[in-house]
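All residue numbers refer to positions in the sequence shown, counting from 1.
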Amino acid sequence: MYIRVGLDQWIMVNGNRVGSGQSAQRIELNTAGLSGCVAIGMSWGHMISLAHVYSGCTAATWIPADGSAGYLQALNEAFAGSRALMLKGRPEAVLYWSEGTPNWLPKQLYDWLDARDIQVNEELAPACRIWLDDEGLLKWSANLTERPDDVRNYTTSANAAATIQFYKGLSANGAPATPPQGE
């Protein structure tokens with residue numbers, strides 16, 4: 001089952017299969033529309049999280065000069081909230097962004113993760129999907145779904161098919177993904 005992460009959302013779910021036997025389903029998170037935006041996919045033991053960081057995350061909004069909460073504070077809160085649910089192990093991450101994305105945002109997010117001693121993988125694509133394999137290892141793909149027929153078969157934070165264990169809006173722009181209408 002797929003949950004689509006919207007603009008400036010950080011969503012964490014249990015990455016284990018739901019159900020039992022042959023009907024057990026893997027929970028996967030995906031996001032699209034990474035034009036100037038960056039996705040942060042992470043594994044946290046048996047949990048996974050995906051954030052869609054809006055292209056409005058700039059040096060001016062990372063730590064706003066007026067002292068208001070910026071992206072750094074929101075990401076730190078999201079990281080701490082997710083870390084609190086991790087039972088064991090060390091997080092792993094993958095960053096996705098599309099061609100034409102200014103270098104500042106992917107580099108800033110890479111450095112932010114690296115400062116937390118997290119192994120960071122990097123990929124170039126306008127969309128991404130993350131999940132845990134049967135051994136509990138983080139996997140990722142630029143394809144929104146495993147099968148092309150499932151591209152519109154997803155839920156969002158507004159109607160998630162699985163329990164969202166942790167949620168953080170990263171800015172006032174944070175909003176659920178658009179319900180399936182075609183890609």
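- A distance of 6.0 Å or more separates the ring centres of W131 and Y2.
- Atom-to-atom distance recorded for D150:CG and M1:CE is 12.0 Å, nearest 0.5 angstrom.
- Relative ring orientation between W62 and W112 is described as perpendicular, the plane-to-plane angle rising above 60° on a 0-90° scale split at 30° and 60°.
- Partner of M42 under the side chain to side chain contact (heavy atoms under 4.5 Å, CB included) criterion, chosen from L113, L95, V120: L113.
- How far SG of C57 is from CG of L170: 8.5 Å, rounded to the nearest 0.5 Å.
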TODO: Carefully, step by step, assess T58 and W104 under the rule side chain to side chain donor-acceptor pair (under 3.5 Å).
DONE: CA-CA 8 Å; T58 64; W104 184 87; over 6 Å; no
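- Here the shortest heavy-atom pairing between P91 and M86 reads N-CE, 3.6 Å.
- Separating the CE atom in M47 from the CG atom in N14 is a distance of 5.5 Å, to the nearest 0.5 Å.
- Of the N and O atoms on the side chains of S82 and W10, at least one donor lies less than 3.5 Å from an acceptor on the other residue.
- Listed here is the closest heavy atom pair of Y96 and A142: OH-N, 3.4 Å.
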Open item on the list: For I130 and E28: C-alpha separation, side-chain torsions, deciding distance, then whether side chain to side chain contact (heavy atoms under 4.5 Å, CB included) applies.
Closed with: CA-CA 6 Å; I130 66 164; E28 302 183 17; over 6 Å; no
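- Scanning both residues, S157 and Q9, for their nearest heavy atoms gives OG-NE2, 2.7 Å.
- Residues H52 and G6 come closest through the heavy atom pair CB-O, 3.2 Å.
- T163 contributes no side-chain N or O that, together with a main-chain N or O of Q165, makes up a donor-acceptor pair within less than 3.5 Å.
- Side-chain N/O atoms of N121 and E92 include a donor and acceptor closer than 3.5 Å.
- A distance of 3.5 Å separates OG in S171 from CG in D8, rounded to the nearest 0.5 Å.
- Side-chain contact between R116 and F79 is present, with at least one heavy-atom pair separated by less than 4.5 Å.
- L29 and L109 are members of different hydrophobic clusters when ILVMFWY side chains are connected at heavy-atom separations under 4.5 Å.
- Side-chain atoms of E122 and Y110 include no donor-acceptor pair closer than 3.5 Å.
- No more than 12 heavy atoms of other residues, nucleotides or ligands shown are found within 6.0 angstrom of CG on N103.
- Residues A39 and T31 approach most closely at CB-CG2, 3.9 Å, considering heavy atoms.
- Residues T101 and C37 come closest through the heavy atom pair OG1-O, 4.1 Å.
- V53 is connected to F166 through a chain of hydrophobic side-chain contacts under 4.5 Å among Ile, Leu, Val, Met, Phe, Trp and Tyr, so both are in one cluster.
- Here R129 contributes atom CZ and K139 contributes atom NZ; the two are 12.0 Å apart, rounded to the nearest 0.5 Å.
- Checking side-chain atoms of S98 against main-chain N and O of L34 turns up a donor-acceptor pair under 3.5 Å.
- A continuous path of hydrophobic side-chain contacts links W140 to V5 [ILVMFWY only; heavy atoms under 4.5 Å].
- I11 contributes atom CD1, which lies 6.5 Å from atom OH of Y167 (distance to the nearest 0.5 angstrom).
- Cluster membership for L7 and Y71, using ILVMFWY side-chain heavy atoms within less than 4.5 angstrom, is shared.
- Using a 4.5 Å heavy-atom cutoff, the side chains of D114 and I118 are not in contact.
- By the criterion of side-chain heavy atoms lying less than 4.5 angstrom apart, applied directly or through intervening Ile, Leu, Val, Met, Phe, Trp or Tyr residues, L132 is grouped together with I27 in one hydrophobic cluster.
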